[in-house]
Amino acid sequence: MSLLRLALNNIRGNAFRSSVVFLCVLGVASFLLGTTLVISGAQNSLNVGIQRLGADILVVPEGAQTEVQTALLMGKPTNVWMPASKIDEIAAVPGVQAVSPQIYLQSLYGAPCCSVSEMFLVVYDPATDFTVKPWLDKELGRPLARGEVIGGSYIFVPAGEKYITLYGYNTTLAGNLGATGTGIDQTLFMTQETARAMAQSSLTTAVTPLVIPPGEISEVMVKIMPGADRHRVALDILLKVLGVVPLESPNMFGQFRHQMTGLLWGFVTIMVVFWVLSAVLIGLVFSMAANERRREIAVLRALGATRFYVFRSILAEAVILALGGALLGVILSSFVIYLFRGYITSSLGMPFLFPGWASFLGLVATGTAFILLTVILAVLLPAFRVSRMEPAIAARE
Amino acid sequence: MIKLKNVTKEFNLGEQVITPVLDVNLKVGQGEFVIIIGRSGTGKSTMLNLVAGLIRPTAGSVLVEDRDLAALSDKEMSRLRSREMGYVFQFPSLLPSLTILDNIIMPATFTGDKGGKDLAKRAAELLGMLGLGERLEYYPRHLSAGEQKRAVIARSLMNEPRILLADEPTSDLDEQTEKEIMGLLKQIHNGGVTILMVTHSIALVPYATRAYSMDKGKLSLTHQK
């Protein structure tokens, strides 16, 4: 009879002990993978989001930093304005290679086109744009025509419709950007020409007309010269252009990052406590089981089992339970997080992007290995002790 | 075949030291059926465990097949137990999570025998011989005490041992079942297996080729055919 079969039979034959260990492992595995997924999903989302912005520095009106970052991060609509004259002032700052303005339009709530309740409308300038253009060149091979829009991953044309109607104006969805997990996913990008046509049309077709304040913009995207110091350029913008604040893209979402770090430490603390308690409990359960099974173990020794065989048979049971529990735990937590990611991220106030398959499998493998190691460590001592007992004494006790 | 030379075994129980086996000398030759009788707590089982190498003597030496057990490593001792000895415990010793068939096959695991179907066939034959041919897939809890004892004897014979050590194989059994079990052991002995058995029942002495009584850790010859 193989060691594996003996271990499986023992697991089946000791339902209570097996269930306790299995549930402990399942709990630790679920929590471990769940928290890691949420944290890494947020980090992943943040990185992809910043990359998608495509600018080295974002210049926003003074006092609007939090609003803009919240809009970009969570898709919370906002309206901020500054004079368009700031564009030239920013362009004149040493180290700046290119600038392009963007306008945040009045946002739509409960739009039928999107799988989100709020939609964020952003207008870009095709003449100077360097953030949307690379995507258009690659995916569309041409600039957006009048009446065309591109959307984040949550934007779609309503079923049975040809257009996305905004302020009574029909727009054609030319394509969708990849998912970022940030507010960009619920953003609709359009040219100034389309925005002006929409505003004109809204005067007669919309309940509330779309107003674009003339000579006003919401933010300026800045690309710095190769080799220029981003921080230096940002500092110069702050000093030389009044009424604006530069946000360096790698440092963006600072408040969120701070919040995420706090959350991370909270999770880590709970995790460590949970992990230690589970390891102790698993160790105790196996100690009790080993004590209960002294006679069985004495019988095995009398039949010719070596100490090492006894040790391995106990370890094999633990490994099978650990693998089973860990696997079910990671499947369950992945499933729950995938299904409820919207609810989890909105209640935690953080963006989330499910990691790619390679990263996900890496997480699962690391988590499972960690759990396995924990269980083996917890079981090592009782398995060693019972395997070293004199069989005749074990049988008598 | 089995030699005990001035064997003493002490157990240290805190402040108290007990000596269940005291300076025992015994020789059991090939093909003998030796029974040791004595009341509970006289050291019979301890002596049997010493022969099986399940405990080590405090003094003296135990030799099985001319090999001093004290000189054997755990691996060598385990190999000797699995290949040369069968052991019948006093208590119910079938593994509860295994079927009767798997219990009988178990000892073959430790000899490295990967006979597969042959092992199952041999185990089934053994169980058939002992009247348990219909119980192969039963679990120990489904068998009566007598049936369990028979299954244990079948298991002890699985690796065709040259020595069978039996610790009170008929305890807790009714008279009829006791007779059946002793009949089986006699049959096994007639097949050439050396048997060393301990019991508290004087009535079993006639089955033996030689019998000793044990008291306060000492052996004295009481019967020889």
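Within every chain, numbering begins at 1; the chains are lettered A, B, ... in the order of the sequence lines, protein sequences first and strands thereafter.
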For the residue pair [X] and [Y], what are the closest heavy atoms and their distance?
| X | Y | result |
| --- | --- | --- |
| G13(A) | S97(B) | CA-CB, 4.2 Å |
| G304(A) | S82(B) | CA-CB, 3.8 Å |
| L303(A) | P107(B) | CD2-CG, 4.1 Å |
| A302(A) | R81(B) | O-CD, 3.7 Å |

Inset, instruction - Give the intermediate values and the outcome of salt bridge (charged side-chain N to carboxylate O under 4.0 Å, His left out) for residues R301(A) and D74(B). - result: CA-CA 10 Å; R301(A) 296 295 313 277; D74(B) 178 55; 2.6 Å; yes
Legend entry - Heavy atoms from other residues, nucleotides or ligands near OH of Y139(B) exceed 12 (cutoff 6.0 Å): yes
Inset, instruction - Taking atom NZ of K5(B) as the centre, report whether more than 12 heavy atoms of other residues, nucleotides or ligands fall under 6.0 Å from it. - result: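 Open: at most 12 neighbouring heavy atoms sit under 6.0 Å from NZ of K5(B).
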Legend entry - Pairwise distance CG(L6(A)) to OG1(T109(B)) - rounded to 0.5 angstrom: 8.0 Å
Inset, instruction - Heavy-atom pairs under 4.5 Å with chain B are the metric here; pick the option from L300(A), N10(A), N14(A), T306(A) that has the most. - result: T306(A)
Legend entry - Contact origin within I11(A) toward chain B - heavy atom pairs under 4.5 Å: neither
Inset, instruction - Please state whether the side chain, the backbone, both or neither of R12(A) comes within less than 4.5 Å of a heavy atom of chain B. - result: neither
Inset, instruction - Run the numbers on L95(B) and N9(A) for side chain to side chain contact (heavy atoms under 4.5 Å, CB included), then give the verdict. - result: CA-CA 10 Å; L95(B) 301 178; N9(A) 276 312; over 6 Å; no
Inset, instruction - For residues S93(B) and E296(A), determine if any side-chain heavy atom of one lies less than 4.5 Å from a side-chain heavy atom of the other. - result: no
Legend entry - Residue pair R5(A) / L98(B), side-chain heavy-atom distance below 4.5 Å: no
Legend entry - Engaged part of R155(B) at the chain A interface, taking heavy atoms whose separation is under 4.5 Å: side chain
Legend entry - side chain to side chain contact (heavy atoms under 4.5 Å, CB included) between M106(B) and V299(A), worked out: CA-CA 11 Å; M106(B) 194 74 205; V299(A) 170; over 6 Å; no
